[in-house]
Amino acid sequence: MQKEIVMFDVHKIREDFPILQREVNGKPLVYFDNAATSQTPQVVIDAIVNYYSTYNANIHRGVHTLSQEATDAYEIARQKVQAHFNAQHAHEIILTAGTTHSINIVASGFTSLLSSGDEIIVSALEHHSNIVPWQMLCERTGAVLKVIPMDEEGTLVLDTYEALLSEKTKLVFVNHVSNALGTINPIETIITQAHAVGAAVLIDGAQSCPHIKPDVQALDADFYVASAHKLCGPTGVGVLYGKEEWLHKLPPYQGGGEMIDQVTFEKTTYAGLPHKFEAGTPNICGGIAFGAALDYMNAIGFESIAAYEHELLTYATQQLLQIEGLKIYGTSAHKTAVISFNIDNIHPYDVGTIVDKLGIAVRTGHHCAQPIMDFYKIPGTIRASFSFYNTKEEIDALVTALQKAKMMLS
Ligand SMILES: *Cc1c(COP(=O)(O)O)cnc(C)c1O
């Protein structure tokens, strides 16, 4: 591991990302909004350009050469996703429009599997996209939503989770990593305990996948979802991994082309997996580019990525805490390179505006996780989220910019 860190040449990696060469407001861009979306390396941009320049065609239906080339490339991309997540079968990989879409496929499917009085457990650390679909599912079915609470550090209170579990629990939904705080949740324990009462578990991996290579079989996750755009891929594409038995149990989400076997006006039978969940023309180019993004990140290696990002996190935490009045939210020992903070009582939005003038992109607000902000009794935070292409010099630039913002605003 130590050797790999030494071999990690961030300046060389930065050359792979055209956008990192640009300026914002006359200053070199410092991009610290990686938890919202990651930047795109040239190889992924090339995959997109190459698709539209040379073999753009609809898939699975044509006998002509272009359609076959596009179909092959799309199915190879599915296999890359399968290998990356270590799914047992390629047909357990449903290519979707992203995490939100993937979650909604599962939430919608469970409508016919739940009855009044059944229970669904979510965590206090969830993104809105992992709360609202379950609330809607509860409204449709009469199921009851229970919440695993969090503590001051931003970690889940597992004793309460154990107490919430019972034979009434049918589903548990937890993110692998919190987007607002960066906490890495103990999903191994959460999954094992849910299975002990017969509940299925969906893991939202949108925020873990940029840093951790998940093994869905080792985790024994029933469902695992992620978005390509947080992993150096394009927007509008993502993955729903589901265990084969669960994907057979769930009804299709949308009706349309591609997802059928036989259609008559009397009765339609559905296609097998994965097509049952892929109605209509998919994001063909996006899927192919997702595969290219996984190739790119795997070539660098997730162990190197995680080790380098941890170094950035440690450095940034030390440097930011030098600023008087700066408070960090989410201080778990297990977290990814995300720092949520406020300075004195200054509104995060005002700080964000000033640092943007200095070319630095951070996110301000509730980060689609209002319940977490309510817990801390704050309107929002400033969030700096780091990626393997960021540098310590950029962190220094952030600290200088924050000091300037503090002076101007207090
Ligand atoms: C970004 C994110 C989502 C939503 O992903 P989309 O790509 O917008 O569908 C869900 N959960 C977490 C933890 C996220 O970080």
Side-chain angles (χ1 to χ4, degrees), residues 31-40 44 81 85 94-108 122-136 147-148 150 154-156 172-187 190 201-212 214 221 223-241 253 277 282-283 286-287 289-290 293-294 309 329-330 332 334-340 361-373 380-381 383-387:
Y31 187 76
F32 285 158
D33 196 17
N34 294 289
T37 200
S38 54
Q39 293 304 343
T40 318
V44 173
V81 178
F85 288 88
I94 314 297
L95 293 170
T96 66
T99 302
T100 303
H101 182 203
S102 299
I103 292 171
N104 277 282
I105 291 174
V106 178
S108 158
V122 299
S123 94
L125 287 175
E126 297 310 305
H127 188 281
H128 294 166
S129 76
N130 216 358
I131 302 174
V132 183
W134 312 123
Q135 289 173 328
M136 291 163 69
V147 183
I148 313 169
M150 59 183 272
T155 48
L156 294 177
V172 175
F173 298 94
V174 179
N175 57 31
H176 194 166
V177 168
S178 153
N179 73 304
L181 305 178
T183 313
I184 302 174
N185 291 314
I187 58 167
I190 289 172
V201 185
L202 183 149
I203 301 294
D204 173 355
Q207 210 53 242
S208 51
C209 284
H211 319 284
I212 300 166
F223 302 97
Y224 197 103
V225 299
S227 296
H229 72 92
K230 291 183 181 174
L231 275 155
C232 295
T235 53
V237 65
V239 57
L240 162 60
Y241 159 78
Y253 178 58
F277 293 102
N283 183 349
F290 185 12
L294 290 176
E309 288 176 347
Y329 299 92
S332 164
H334 303 286
K335 60 183 274 191
T336 56
V338 170
I339 304 182
S340 247
V362 291
R363 182 141 296 239
T364 60
H366 55 60
H367 318 297
C368 296
Q370 276 171 359
I372 300 179
M373 304 302 135
T381 67
R383 182 186 70 187
S385 51
F386 310 108
S387 179

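Atoms within each ligand, like the ligands themselves, are counted from 1 in listed order. The figures here come from the full heavy-atom set of this structure, side chains too, leaving out hydrogens, waters and symmetry mates.
- The heavy-atom pair separating L181 from Y329 by the smallest distance is CD2-O, 3.6 Å.
- Looking only at protein heavy atoms, the nearest one to atom 15 (O) of ligand 1 is Q207 NE2, 2.4 Å.
- The backbone N or O of V239 lies less than 3.5 Å from a partner atom in the side chain of S102, making a donor-acceptor pair.
- Among protein heavy atoms, atom 10 (C) of ligand 1 sits closest to S129 OG, 3.1 Å.
- At a 3.5 angstrom cut-off on N or O pairs, T100 counts as close to ligand 1.
- Under 4.0 angstrom from ligand 1, the non-hydrogen atoms of K230 all belong to its side chain.
- Among V201, L156, V122, the one residue that satisfies the side chain to side chain contact (heavy atoms under 4.5 Å, CB included) test with V174 is L156.
- Between atom CE of residue M150 and atom CD1 of residue I372 there is a gap of 5.5 Å, rounded to the nearest 0.5 Å.
- A donor-acceptor contact shorter than 3.5 Å links the side chain of T183 to the backbone of G154.
- Only the side chain of D204 comes within contact range of ligand 1, with a heavy atom under 4.0 Å; no backbone atom does.
- For the residue pair Y253 / T96, no side-chain donor-acceptor distance below 3.5 Å is found, with atom types taken as modelled.
- Residue-to-ligand polar distances keep N179 apart from ligand 1: every N/O pair is separated by 3.5 Å or more.
- Applying the 6.0 Å contact sphere to NE2 of H334 captures no more than 12 heavy atoms from other residues, nucleotides or ligands.
- Counting heavy atoms under 4.0 Å from ligand 1, residue H101 does not touch it at all.
- Among C368, S227, A206, G238, the residue whose heavy atom lies closest to atom 6 (P) of ligand 1 is S227.
- For the pair N130 and ligand 1, no heavy-atom separation below 4.0 Å is found.
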